[in-house]
Amino acid sequence: PINPDVASMFIALKPYLDLVDNIDGLELALYSDLFKIAGRVDCIGEFNGSPAIIDFKTARKMKKTSWIEDYFCQATAYSLMWEEMTGVRINNIVVLMVAKKGDVGYETKAWVRNRDNYIESLIETRKIFKELYEPK
């Protein structure tokens, strides 16, 4: 049996899901020797006709754009890992979010960004992490 909340979230997100096509992979493990990072990307495919890294998010409440800069940085990391592993550059990063809307129903939002705007932030975040957590 399908969880009714999961079904409702899917139905709410369906207009955006209909823009996803030509999927190259789902839940793919990626890594970068250059950045010394790894992760599992939700989706690599096309969004609205353009190649994209697509990240799905659920939330109790819809988030403001200013609250999710780290999501763009995460998707940028996936894009760079994919490029390093395959030689294929994907500039578009997409975050699709579904969140509770009060006590009745769900709301959705899509953010589409260019990964190049977040590479510096990724490098800085990686540098801070290395200084704090990696052995010297």
Side-chain angles (χ1 to χ4, degrees):
I2 296 175
N3 178 309
D5 284 328
V6 172
S8 295
M9 286 188 282
F10 175 82
I11 291 166
L13 203 55
K14 191 163 181 341
Y16 289 123
L17 296 176
D18 288 342
L19 298 175
V20 177
D21 199 9
N22 298 319
I23 295 171
D24 289 317
L26 297 168
E27 289 295 323
L28 290 175
L30 302 174
Y31 66 90
S32 168
D33 290 325
L34 177 66
F35 290 102
K36 306 277 190 266
I37 55 176
R40 190 169 294 274
V41 65
D42 289 343
C43 181
I44 299 175
E46 289 183 0
F47 184 78
N48 204 19
S50 297
I53 300 295
I54 305 163
D55 201 20
F56 300 100
K57 301 292 187 186
T58 60
R60 288 190 179 97
K61 179 180 166 188
M62 187 56 65
K63 299 191 184 312
K64 296 178 184 179
T65 303
S66 61
W67 298 350
I68 65 164
E69 291 295 309
D70 56 327
Y71 295 166
F72 305 138
C73 195
Q74 176 187 16
T76 295
Y78 294 142
S79 175
L80 294 169
M81 288 186 273
W82 176 255
E83 184 173 354
E84 184 177 331
M85 292 175 66
T86 67
V88 176
R89 180 185 177 108
I90 297 177
N91 286 332
N92 289 322
I93 53 175
V94 178
V95 175
L96 299 178
M97 184 175 289
V98 60
K100 275 279 204 190
K101 185 173 186 178
D103 292 333
V104 291
Y106 292 88
E107 61 182 317
T108 59
K109 183 159 178 149
W111 290 269
V112 180
R113 299 288 188 270
N114 184 311
R115 67 119 193 233
D116 292 348
N117 295 332
Y118 299 92
I119 293 174
E120 249 182 66
S121 178
L122 173 64
I123 291 169
E124 184 60 27
T125 300
R126 184 65 188 95
K127 180 181 167 188
I128 291 167
F129 182 89
K130 184 176 181 177
E131 289 171 0
L132 290 174
Y133 299 108
E134 291 184 5
K136 298 199 180 354

From [X] atom [atom1] to [Y] atom [atom2], the distance as rounded to the nearest 0.5 Å:
| X | Y | atom1 | atom2 | result |
| --- | --- | --- | --- | --- |
| Glu83 | Asn91 | CD | CG | 8.0 Å |
| Ser50 | Leu19 | OG | CG | 11.0 Å |
| Met81 | Thr86 | CE | OG1 | 12.0 Å |
| Phe56 | Met9 | CZ | CE | 13.0 Å |
| Leu34 | Leu80 | CG | CG | 8.5 Å |
| Trp82 | Asp24 | CH2 | CG | 5.0 Å |

**Any side-chain heavy-atom pair of Ile68 and Met97 under 4.5 Å** = yes
Do [X] and [Y] sit in one hydrophobic cluster, given that two such residues count as connected whenever their side-chain heavy atoms are within less than 4.5 Å of each other, even indirectly?
| X | Y | answer |
| --- | --- | --- |
| Leu30 | Ile123 | yes |
| Leu17 | Met62 | no |
| Phe35 | Leu132 | no |
| Ile11 | Ile2 | no |
| Leu26 | Leu28 | no |

What is the minimum heavy-atom distance between [X] and [Y], and which atoms define it?
| X | Y | answer |
| --- | --- | --- |
| Thr65 | Lys109 | OG1-NZ, 4.3 Å |
| Phe47 | Val112 | CE2-CG2, 3.9 Å |
| Ala75 | Ile53 | O-CG2, 3.8 Å |
| Cys73 | Leu122 | SG-CA, 3.4 Å |
| Ile90 | Arg115 | O-CG, 3.7 Å |
| Val98 | Tyr106 | CG2-CB, 3.8 Å |

**Prompt:** With sequence neighbours excluded, what pairs up with Glu46 under the salt bridge (charged side-chain N to carboxylate O under 4.0 Å, His left out) test?
**Reply:**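 Glu46 satisfies salt bridge (charged side-chain N to carboxylate O under 4.0 Å, His left out) with no residue once adjacent residues are dropped.
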**Request:** Before giving the answer on side-chain contact (heavy atoms from CB on, under 4.5 Å), spell out for Val94 and Tyr16 the whole-Å C-alpha distance, their side-chain angles and the decisive distance to 0.1 Å.
**Result:** CA-CA 11 Å; Val94 178; Tyr16 289 123; over 6 Å; no
**Message:** Walk me through whether Val20 and Cys43 qualify under side-chain contact (heavy atoms from CB on, under 4.5 Å).
**Reply:** CA-CA 9 Å; Val20 177; Cys43 181; 4.2 Å; yes
**Asked** Ile119 and Thr76: side-chain contact (heavy atoms from CB on, under 4.5 Å), yes or no, with the steps?
**Response** CA-CA 7 Å; Ile119 293 174; Thr76 295; 3.8 Å; yes
**Request:** Hey, could you give me each pair passing side chain to side chain donor-acceptor pair (under 3.5 Å) that has a residue in residues 123-133? Not counting sequence neighbours.
**Result:** Arg126-Glu134
**Request:** Give a yes or no answer on whether the side chain of Arg40 reaches the backbone of Glu27 with a donor-acceptor pair at less than 3.5 Å.
**Result:** yes
**Message:** Can you confirm whether more than 12 heavy atoms, excluding those of Ile128, are under 6.0 Å from its CD1 atom?
**Reply:** yes
**Asked** Counting heavy atoms not belonging to Glu84, are there more than 12 under 6.0 Å from its CD?
**Response** yes
**Asked** Pick one: which of Thr58, Asp18, Thr108 meets side chain to side chain contact (heavy atoms under 4.5 Å, CB included) with Leu13?
**Response**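 Among Thr58, Asp18, Thr108, the one that satisfies the side chain to side chain contact (heavy atoms under 4.5 Å, CB included) with Leu13 is Thr108.
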**Asked** Aromatic rings Tyr118 and Phe72: how do their planes relate, parallel, tilted or perpendicular, breaks at 30° and 60°?
**Response**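 Ring orientation, 0 to 90° scale: tilted.
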